[in-house]
Amino acid sequence: MEGTITGVERHRLDRLAEQARLDGFTSIDQLKKGLQGHYPGLPSDAEIEFVTFTVEPPDAVE
């Protein structure tokens with residue numbers, strides 16, 4: 001699978017309301033719980049990097 005990174009944004013975990021909505025979460029608390037489940041001990045004011053990317057369809061890769 002091939003893809004291209006199209007952007008990287010850095011946000012503080014305690015200021016992610018808009019990013020939570022854009023990523024399909026119903027609330028900032030739901031996003032925080034998901035991240036803290038993957039990264040136990042993640043402080044509530046941690047800086048989080050969100051990477052956006054495109055993925056090439058399998059038949060586009062030679």
Side-chain angles (χ1 to χ4, degrees):
M1 182 181 315
E2 291 189 23
T4 303
I5 294 174
T6 58
V8 178
E9 294 182 12
R10 183 175 289 183
H11 300 277
R12 279 184 40 159
L13 183 57
D14 58 354
R15 298 181 183 163
L16 287 178
E18 180 66 15
Q19 189 65 42
R21 186 186 63 75
L22 291 173
D23 286 349
F25 293 93
T26 58
S27 70
I28 190 171
D29 289 332
Q30 185 184 35
L31 174 59
K32 286 180 184 179
K33 286 178 185 175
L35 288 171
Q36 290 170 331
H38 287 287
Y39 306 102
L42 186 68
S44 62
D45 65 346
E47 286 194 353
I48 307 297
E49 291 182 340
F50 286 88
V51 179
T52 54
F53 56 92
T54 58
V55 177
E56 300 298 326
D59 59 347
V61 178
E62 295 182 22

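Throughout, numbering of the chain's residues begins at 1 and tracks the sequence.
Looking at H11 and E9, their side chains do bring a donor and an acceptor atom within 3.5 Å of each other.
Not a single donor-acceptor pair under 3.5 Å links the side chain of E49 to the backbone N or O of R10.
With values rounded to the nearest 0.5 angstrom, D23 atom CG is found 10.0 Å from T52 atom OG1. Taking CD1 of I48 as the start and CZ of R15 as the end, the distance is 13.0 Å to the nearest 0.5 Å. Taken from NZ in K33 to CD1 in I28, the straight-line distance is 12.5 Å, to the nearest 0.5 Å. We find the OG1-CD distance between T54 and E2 to be 10.5 Å, quoted to the nearest 0.5 Å.
Heavy atoms only, all atoms of each residue included: L13 and Q36 are closest at CD2-NE2, 4.1 Å. Contact detail for T6 and F53: the closest heavy-atom pair is OG1-N, 3.6 Å.
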For this session: Evaluate the criterion salt bridge (Lys or Arg N to Asp or Glu O under 4.0 Å) for residue pair E47 and R12; output intermediate values, then yes/no.
Result: CA-CA 4 Å; E47 286 194 353; R12 279 184 40 159; over 6 Å; no

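For Y39, the OH atom is loosely surrounded, since the number of other residues' heavy atoms within 6.0 Å does not exceed 12.
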